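Before any comments, here is the structure.
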Amino acid sequence: MTVLVTGGAGFIGSNFVLDWLERSDEPVVNLDALTYAGNRRNLASLDGDPRHVFVHGDIGDRALVERLLAEHRPRAIVHFAAESHVDRSIHGPAAFVRTNVEGTFALLEAARAYWAALDGGAKARFRFHHVSTDEVYGSLGPDDPAFTEDHPYRPNSPYSASKAASDHLVRAWHHTYGLPVVTTNCSNNYGPYHFPEKLIPLMIVNALAGKPLPIYGDGLNVRDWLYVGDHCSGVRAVLERGRLGETYNIGGWNEKTNREIVHTICALLDELRPDPAGPYRRLITYVADRPGHDRRYAIDACKIERELGWRPAETFDSGIRKTVQWYLDHPQWVAEVQSGAYRDWVATNYGAR
Ligand code: NAD
Ligand code: DAU
């Protein structure tokens, strides 16, 4: 048996592949286009491991996907590949429509043709697992209940609109063609291999470099944070035991304002790598807000707990400490991802703020 993972060189995908192969010998075919966010170094520990087949390619390349399906006969597709950064979607939405919408469409069509031709047992076992986000539900007020799976879709950014579109395609391919799909909508992840364009890794790497820590707006936007290893275990639970055609929210029961997050990182760095120039919080800088910035996300993860017995294993305190320590222990990884293209992005996003 084999699984086909898309986007397995990105942040969550690489954590998923590494976790998967730590727990089982079932091979992984890893299809990734190696955009700026894809990084083969995340998977360096698998070099030479015959259980991991890396394929450099695009999910929108239907002929390639068909060939991979015919050759490897996977029992499941776990679909992480996406453009994932809200700020980039504001500066350049086209890539988000191309990969998240058209790419998911192409993958669904290839999966449908492959699944339709499978025989009884293999056909019944096959799963298409679509990995999505809580951002499709829009923004909550301070006292609103957390998002359940029945919350209306109200995406507000080009990123979340493109993910919402992909969720709808996946749903329709199940409803119309019977493709055996499951979808998970997860809250904000953090942990090892997180590209330093997102809040938590950006704050860690900037603090260590003595650079400003740019908080958008008043810093009181709320996100629900989940350690990436817990997201991976949630995906495995839904892939193995989730009901067909259902969606499952995955979250950490851990709402924090951005201010709290940044202050926590500064305090941990003060403890683990004190700066002779003074406490890291001196670097905090409030900058112009993100256009259309969603105020609050919160996930109600009761359904996955009730049906599948899944709960996060990590607390925020344990997860954020591990994460900060990981960045302190991997200066080479940090240096390598801050290439010329990364510096261009920093200038584009922060230059005029
Ligand atoms: P990421 O940006 O770190 O990685 C995305 C990966 O997809 C990269 O390796 C990239 O090279 C690859 N990719 C992009 N376009 C591709 C294409 N056309 N064909 C093949 N590969 C392509 O993203 P991430 O943070 O790891 O997120 C993974 C998935 O999880 C996404 O679908 C995202 O929407 C979802 N998600 C992310 C979070 C989060 O907090 N990061 C939370 C919930 C859901
Ligand atoms: O909720 C799940 C989503 O979480 C995923 O679907 C996305 O792929 C992922 O990128 C993430 O989206 P966010 O926009 O919430 O994450 P980001 O790390 O970009 O920002 C988190 C919060 O921090 C948000 O309120 C904006 C703020 N922020 C972010 C950056 C990069 C800042 O204040 N300053 C910054 O420099």
Side-chain angles (χ1 to χ4, degrees), residues 7 10-16 37 80 82-90 100 131-140 142 144 146-148 151 154-157 159-160 162-164 167 183-205 213-217 219-235 248-265 268 289-290 292-301 304 310-324 326-327:
F11 162 47
I12 304 172
S14 61
N15 276 281
F16 181 82
F80 292 96
E83 290 292 338
S84 70
H85 190 32
V86 173
D87 292 318
R88 286 189 194 252
S89 82
I90 295 167
N100 301 358
V131 178
S132 192
T133 170
D134 60 359
E135 302 204 7
V136 296
Y137 299 126
S139 185
L140 293 169
D144 289 341
F147 300 129
T148 65
H151 197 91
R154 290 191 182 117
N156 290 319
S157 71
Y159 163 67
S160 55
S162 68
K163 289 296 290 188
D167 292 10
T183 295
T184 45
N185 293 86
C186 189
S187 63
N188 285 61
N189 285 215
Y190 66 99
Y193 305 113
H194 205 180
F195 192 75
E197 63 185 355
K198 310 279 170 63
L199 180 72
I200 287 182
L202 181 87
M203 295 299 155
I204 300 171
V205 306
L213 307 180
I215 298 185
Y216 297 162
L220 295 178
N221 303 69
V222 172
R223 297 292 183 266
D224 172 357
W225 293 94
L226 179 72
Y227 189 70
V228 64
D230 281 324
H231 187 182
C232 295
S233 71
V235 169
Y248 292 87
N249 284 349
I250 305 180
W253 300 106
N254 182 57
E255 290 184 54
K256 302 258 183 231
T257 65
N258 296 335
R259 278 194 205 184
E260 284 176 271
I261 295 289
V262 177
H263 279 277
T264 301
I265 291 169
L268 274 168
D289 209 351
R290 171 187 278 174
H293 197 176
D294 284 338
R295 192 64 172 168
R296 174 176 166 240
Y297 305 140
I299 277 280
D300 178 332
I304 188 173
W310 178 90
R311 265 191 80 80
E314 216 64 65
T315 65
F316 187 68
D317 286 352
S318 62
I320 192 68
R321 182 174 282 275
K322 272 191 196 176
T323 303
V324 170
W326 188 89
Y327 281 86

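Source: prediction; values computed, not measured. Values below: every heavy atom of this structure, side chains too, minus hydrogens, waters and symmetry copies.
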Query - Partner of Asp167 under side chain to side chain donor-acceptor pair (under 3.5 Å), chosen from Thr183, Asn100, Thr133, Asn185 - result: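 Among Thr183, Asn100, Thr133, Asn185, the one meeting side chain to side chain donor-acceptor pair (under 3.5 Å) with Asp167 is Asn185.
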Query raised in the report: Is Arg223 close to Ile200 at the side-chain level, that is, under 4.5 Å between some pair of heavy atoms?
Result: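 They are not in side-chain contact.
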Requested in this report: Would you indicate whether the side-chain heavy atoms of Ile204 and Pro196 approach each other to under 4.5 Å?
Outcome: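 Of all side-chain heavy-atom pairs linking Ile204 with Pro196, none is under 4.5 Å.
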Query raised in the report: Can any side-chain N or O of Thr323 pair as donor or acceptor with the backbone N or O of Gly319 at less than 3.5 Å?
Result: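 Answer holds: yes.
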Query - Check: Arg290 side chain, Ile90 main-chain N or O, donor-acceptor pair, under 3.5 Å - result: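 Not at all, since once roles are kept as given, no pair shorter than 3.5 Å links the two residues.
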Report task. Could you check whether the rings of His151 and Tyr137 sit parallel, tilted or perpendicular, using 30° and 60° as the cut-offs? Result ->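 Plane angle over 60°, so perpendicular.
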Report task. Could you tell me how the ring of Tyr216 sits relative to the ring of His293: parallel (under 30°), tilted (30 to 60°) or perpendicular (over 60°)? Result ->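 Perpendicular, since the angle between the ring planes exceeds 60°.
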Query raised in the report: Is the shortest distance from a Lys or Arg side-chain nitrogen in Glu135 or Lys163 to a carboxylate oxygen in the other one below 4.0 Å?
Result: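 Salt bridge absent between Glu135 and Lys163.
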To the nearest 0.5 Å, tell me how far [X] [atom1] sits from [Y] [atom2].
{"X": "Ile250", "Y": "Ile299", "atom1": "CD1", "atom2": "CD1", "value": "8.5 Å"}
{"X": "Asn188", "Y": "Trp225", "atom1": "CG", "atom2": "CH2", "value": "4.0 Å"}
{"X": "Asp87", "Y": "Glu197", "atom1": "CG", "atom2": "CD", "value": "8.5 Å"}
{"X": "Ile304", "Y": "Ser233", "atom1": "CD1", "atom2": "OG", "value": "7.5 Å"}
{"X": "Ile215", "Y": "Asn258", "atom1": "CD1", "atom2": "CG", "value": "7.0 Å"}

Considering non-hydrogen atoms only, spot the tightest contact between [X] and [Y] and give its length.
{"X": "Tyr327", "Y": "Gly191", "answer": "OH-O, 3.6 Å"}
{"X": "Tyr190", "Y": "Thr315", "answer": "OH-O, 3.8 Å"}
{"X": "Tyr159", "Y": "Ser84", "answer": "CE1-CA, 3.6 Å"}
{"X": "Ile12", "Y": "Cys232", "answer": "O-SG, 4.3 Å"}
{"X": "Pro214", "Y": "Leu202", "answer": "CG-CD2, 4.0 Å"}
{"X": "Ser187", "Y": "Gly252", "answer": "OG-N, 3.9 Å"}

**Report entry** Results of salt bridge (charged side-chain N to carboxylate O under 4.0 Å, His left out) for Arg321 - residues two or more places apart only
**Finding:**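 Per chain and number, Arg321 pairs via salt bridge (charged side-chain N to carboxylate O under 4.0 Å, His left out) with Glu271.
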Query raised in the report: Between Tyr227 and Lys322, is there a cation-pi geometry (under 6.0 Å to ring centre, at most 45° from the normal)?
Result: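 Yes, a cation-pi geometry.
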Requested in this report: With side-chain contact (heavy atoms from CB on, under 4.5 Å) as the test, would you mind laying out the steps for Asn254 and Leu226 before giving the verdict?
Outcome: CA-CA 7 Å; Asn254 182 57; Leu226 179 72; over 6 Å; no
Requested in this report: Quick one: list whatever passes side-chain contact (heavy atoms from CB on, under 4.5 Å) with Arg295, sequence neighbours left out.
Outcome: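 Per chain and number, Arg295 pairs via side-chain contact (heavy atoms from CB on, under 4.5 Å) with Ser139, Asp218, Leu220, Asn221.
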Requested in this report: Apply the side-chain contact (heavy atoms from CB on, under 4.5 Å) test between Val222 and each candidate in Lys256, Glu255, Glu260; give the one that qualifies.
Outcome: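 Exactly one candidate clears the test, Glu255.
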Requested in this report: Determine whether the side chains of Asn15 and Asn189 contain a donor N or O and an acceptor N or O closer than 3.5 Å.
Outcome: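 No, because no side-chain N or O of Asn15 sits under 3.5 Å from a partner of the opposite role on Asn189.
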